[in-house]
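Taking it in order: structure first as structure tokens, then the write-up.
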Amino acid sequence: MNCLLRPIVSWFAEISIALAAAIALTPGILAREQTAEEREPVYRGRTLDVWIRMLDGTDDEQLVAIKAIGEFGPEARAHADVLAKKLSSIRDDIRLEAANQLATWGPDAKSTGVDLARTLVDIDPEIGAAAATALRSIGKAANDETRIAVANAIGDRDSAVREHAISVMKEIGWHEGSVAVLRQALISKEARVRYAALKAVANVPTSLGVPLRDRIYPLLVDAGLLIRLETIKVLERIGVDGGFAAALAAAIDHADDEIKRNGLQAIRMTTLGAAAKPIAPKIAALLEHEEWDIRESAALALWKLDYHDRRAARVLGESISTGRSLAPSPDVITAIGDLGPLATEAAPLLIKHFESPRQSDDEKVANAIAASVARIGPDAVKTFAGLLESRRGELRVAAAKAIESLGEKAEPAIPALAAALADTEIDVRIHAAKALGNLGSSAKSAAPLLADAVRKEFGQYRAGEIDSRRQGFGDRRKGKEFFTINSRGTGTRWLPVVAEASWRVSRDPHAIEALEKMLVDLNDDARDLALAALDRSVIDPRASSVPALNNVLRFRVAGYATLREDDSVFERMQMQYGTDGSIIYALRVLERIGADGKPDLEAVKRIAEADTSPEVSLAAARALWRLGHSPHAATLAAECLAVERFAQKNRRDDTSAAGRDSNARSPSAVVEVLAEMGDAAKTALPQIKLAYQQATDDETKAAIGSLLKKLDPDAAGKLGVR
């Protein structure tokens with residue numbers, strides 16, 4: 001029995017030993033597997049710790065290690081301070097590589113800010129630039145110690161270092177400690193440091209820059225020109241206080257004329273002038289200075305200060321008459337005019353300047369001279385008007401234009417303007433007539449001459465009509481007798497202008513008759529000019545104009561007709577009368593005439609059917625409603641809201657009447673017309689709803705939505721109108 005059990009016991013003992021060994025070995029096996037999972041990352045077979053230890057090796061090993069450390073990404077950035085130590089290496093390539101590496105770490109490198117700031121002044125400019133890049137990447141995460149260290153670099157001898165320091169401060173920000181460095185730099189004995197400090201102040205927040213003003217004011221009399229100019233820029237940015245006037249007075253009194261000039265420039269060319277008012281008398285004393293440019297600068301400075309001195313007009317007048325003005329001529333000219341009667345002696349100099357061929361062709365200068373002459377007084381205007389008698393045609397034209405621009409202030413020139421109505425130059429006549437028209441009843445003394453000019457030109461138009469009849473101009477179809485004037489010469493431009501002027505001055509009835517006659521002129525420009533004159537509110541169109549206005553509409557309808565190839569005359573009429581401007585003007589004038597201004601409704605309907613331009617369609621719809629309350633008007637107006645209709649507007653001629661009337665080209669104008677129709681617009685609800693759904697911009701959608709809510713609140717709600 002014992003012999004039988006012994007092998008079994010032995011077998012169990014071996015099993016037990018094996019199990020115990022397995023249990024004992026299990027923790028070790030698990031431990032080895034866990035270490036494999038938590039093993040440190042490696043680069044080229046080495047861990048981060050190994051590469052960091054290599055930073056203490058040979059120079060070549062250090063260079064390789066810096067590059068390798070960057071490959072570990074965020075895990076390496078806890079060792080930024082170790083890397084920063086390499087910024088002081090003897091080897092340029094090691095310092096450069098360290099700076100470049102830190103530049104990629106951004107705010108994670110903030111602890112190295114002071115070391116990077118010291119590297120800004122590296123003898124190798126490439127390394128300094130790399131340090132600046134690294135500092136900018138740190139940005140607002142930089143600490144105050146870094147900001148002070150960078151601010152100290154602003155006074156460096158090397159201009160590149162100074163620029164780097166300023167650019168860095170823009171990114172990392174300023175604080176009181178760094179501004180204190182600038183405060184000291186502003187009084188440095190070295191000009192380059194003072195200049196760099198000013199450049200830096202230009203980037204300081206205004207709240208930090210204001211306390212520096214007491215150090216900046218003395219720089220207005222600095223020996224360096226660039227420093228003085230930069231001082232003016234900085235003060236304009238951060239503003240000035242009561243101390244500015246005293247500092248400016250020191251500049252005005254300085255023995256150096258260049259400093260005087262810069263002091264005056266601070267007033268003349270900036271917004272600092274108001275603070276200099278207390279020293280205006282001191283500036284006025286410079287009007288007697290021996291240097292002409294200082295005299296002129298003083299005069300312009302006084303102008304900015306609104307300080308009037310008779311001598312300033314003389315100085316400015318001399319400047320423009322000699323052609324050596326420092327400032328743009330319009331400024332000098334305006335300054336003279338602002339002196340008013342004090343500038344009486346300068347008026348002849350202004351007029352002499354105007355007579356220059358170059359200046360009389362410059363409309364901006366010409367208008368500035370005219371305006372200044374008007375402010376000087378009536379006598380100056382009379383003298384200026386004498387240019388209308390010049391032998392030079394272009395000068396007379398320029399003078400007439402300039403006087404026209406004066407409006408009511410041109411009254412002293414009425415006799416000269418009346419005489420100019422007979423000038424050989426049509427542009428002189430036109431602008432003289434417009435100037436008289438602007439004066440209205442104040443120019444009644446010129447009324448007979450205006451009326452004579454209208455009758456004379458109107459007689460030529462009558463002759464033109466006879467010529468047209470003899471040549472058979474007109475549509476002989478269907479028994480219609482539409483005879484038109486075949487206008488010739490300069491009357492196309494002259495008659496509508498002088499007729500309007502005559503009406504404005506004396507309500508001359510012949511003026512309206514002449515304009516009505518022009519409504520059937522074959523010349524498109526003449527017809528539009530007449531329509532435009534009638535359309536202006538200063539002229540009261542009469543019921544007698546209705547037949548001629550309706551002829552304009554019928555001519556447009558005729559233009560749509562199928563023409564015989566041999567009917568060249570009528571084809572010409574179609575081409576001439578095919579402008580939207582004529583139609584829109586005619587309809588607007590008919591509206592103004594009111595109840596008696598019944599349009600040819602059939603012609604209007606046919607125009608609306610044939611013309612695809614929204615401007616004409618809208619004008620037709622408005623006229624149909626206002627003058628006849630036609631039920632067709634609402635549908636016609638609503639069709640104008642279609643997106644594709646207004647998409648054409650950018651292809652239209654901006655010189656046309658419609659092009660000049662921006663309201664006629666806006667979908668909101670259509671909404672206004674439909675709103676005017678009230679309940680009658682409900683017949684067009686389907687088109688209005690569709691237009692709302694197709695609207696592509698918020699403004700149009702809001703306008704149409706507002707109309708929908710008034711016409712059909714339920715439909716508006718279903719469409720989601722707010």
Side-chain angles (χ1 to χ4, degrees), residues 132 136 147-148 150-254 256-279 283 297 300-301 304-305 327:
R136 285 192 292 267
R147 294 187 178 96
I148 295 173
V150 174
N152 281 321
I154 289 174
D156 193 81
R157 185 173 299 278
D158 190 321
S159 61
V161 173
R162 298 196 296 268
E163 292 299 324
H164 285 319
I166 293 171
S167 70
V168 168
M169 292 307 298
K170 290 181 184 178
E171 300 298 327
I172 68 175
W174 301 83
H175 79 111
E176 293 178 359
S178 56
V179 172
V181 175
L182 294 183
R183 183 173 181 81
Q184 192 63 30
L186 287 168
I187 58 173
S188 171
K189 292 181 179 180
E190 297 185 64
R192 60 175 175 78
V193 177
R194 298 195 300 274
Y195 182 69
L198 281 169
K199 295 282 285 186
V201 174
N203 298 290
V204 171
T206 303
S207 60
L208 294 177
V210 166
L212 296 173
R213 287 189 297 214
D214 64 316
R215 291 286 175 90
I216 297 173
Y217 288 148
L219 298 179
L220 285 170
V221 295
D222 195 277
L225 172 62
L226 292 179
I227 291 177
R228 296 197 301 271
L229 297 179
E230 190 65 31
T231 298
I232 294 171
K233 292 180 184 178
V234 170
L235 289 175
E236 187 169 21
R237 179 183 175 275
I238 66 174
V240 295
D241 58 14
F244 175 66
L248 203 56
I252 299 300
D253 289 336
H254 204 280
D256 188 334
D257 285 347
E258 282 299 319
I259 293 178
K260 292 183 190 292
R261 291 184 180 92
N262 294 145
L264 293 170
Q265 182 180 7
I267 302 172
R268 183 168 61 89
M269 300 183 68
T270 70
T271 58
L272 302 173
K277 282 190 175 182
I279 63 167
I283 297 171
S297 291
L300 290 172
K304 289 292 290 277
L305 297 177

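- Within 6.0 Å of CD in Glu236 there are more than 12 heavy atoms belonging to other residues, nucleotides or ligands.
- Atom NZ of residue Lys277 and atom NZ of residue Lys304 lie 12.0 Å apart, to the nearest 0.5 angstrom.
- Scanning both residues, Ala200 and Leu182, for their nearest heavy atoms gives CB-CD2, 3.7 Å.
- Closest approach of Gly155 to Val193, counting heavy atoms only: O-CG2, 3.4 Å.
- Heavy atoms only, all atoms of each residue included: Ala275 and Phe244 are closest at CB-CD2, 3.7 Å.
- In this structure, the side chain of Arg147 engages the main chain of Gly173 through a donor-acceptor pair within 3.5 Å.
- Rounding to the nearest 0.5 angstrom, the gap separating the CG atom in Leu235 from the CG atom in Leu212 is 11.0 Å.
- Judged purely by atom type and a 3.5 angstrom limit, Arg192 uses its side chain to pair as donor or acceptor with the backbone of Asp156.
- Side-chain atoms of Gln265 and Leu229, non-hydrogen and from C-beta on, do get closer than 4.5 Å to each other.
- Contact record, Pro211 with Ser207: CD-O, 3.4 Å, taken as the closest heavy-atom pair.
- Taking CD1 of Ile267 as the start and CG of Asn262 as the end, the distance is 12.0 Å to the nearest 0.5 Å.
- Between Lys199 and Ile166, the shortest heavy-atom contact is CB-CD1, 3.7 Å.
- Applying the salt bridge (charged side-chain N to carboxylate O under 4.0 Å, His left out) test to residues at least two apart or on different chains, none of the pairs has a partner in residues 263-273.
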Legend entry - Derivation of the side-chain hydrogen bond (donor to acceptor under 3.5 Å, both in side chains) call for Ser297 and Arg261: CA-CA 7 Å; Ser297 291; Arg261 291 184 180 92; over 6 Å; no
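- The CZ atom of Arg162 sits 9.5 Å away from the OH atom of Tyr195 when rounded to the nearest 0.5 Å.
- Proximity of Ile232 to Leu220: side-chain heavy atoms (C-beta onward) are separated by under 4.5 Å at one or more points.
- Ile238 has its side chain within reach of Ile216: a pair of non-hydrogen atoms, C-beta onward, lies under 4.5 Å apart.
- Atom-to-atom distance recorded for Leu264:CG and Ile252:CD1 is 4.0 Å, nearest 0.5 angstrom.
- Looking only at distances, no side-chain donor or acceptor of Arg183 sits under 3.5 Å from a matching main-chain atom of Arg215.
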Legend entry - From CA spacing to verdict: side-chain contact (heavy atoms from CB on, under 4.5 Å), Asp241, Arg213: CA-CA 8 Å; Asp241 58 14; Arg213 287 189 297 214; 3.5 Å; yes
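- Here the NZ atom belonging to Lys233 is positioned 12.5 Å from the OG1 atom belonging to Thr270, to the nearest 0.5 angstrom.
- Under the side chain to side chain contact (heavy atoms under 4.5 Å, CB included) criterion, Asp256 pairs with His254, Glu258, Ile259, sequence neighbours left out.
- Using a 4.5 Å heavy-atom threshold, the side chains of His164 and Val150 count as separate.
- The 12-atom threshold is exceeded at CD of Glu190, counting heavy atoms of other residues, nucleotides or ligands nearer than 6.0 Å.
- Of all heavy-atom pairs spanning Ala197 and Leu186, the tightest one is CB-CD2, 3.7 Å.
- With sequence neighbours excluded, the residues forming a side chain to side chain contact (heavy atoms under 4.5 Å, CB included) with Asp222 are Arg194, Leu219, Ile227, Arg228, listed by chain and number.
- Without hydrogens or angle criteria, Arg237 side chain to Ala202 main chain gives a donor-acceptor distance under 3.5 Å.
- Two residues are said to be in side-chain contact when any heavy atoms from C-beta on lie closer than 4.5 Å; Leu305 and Ile283 meet this criterion.
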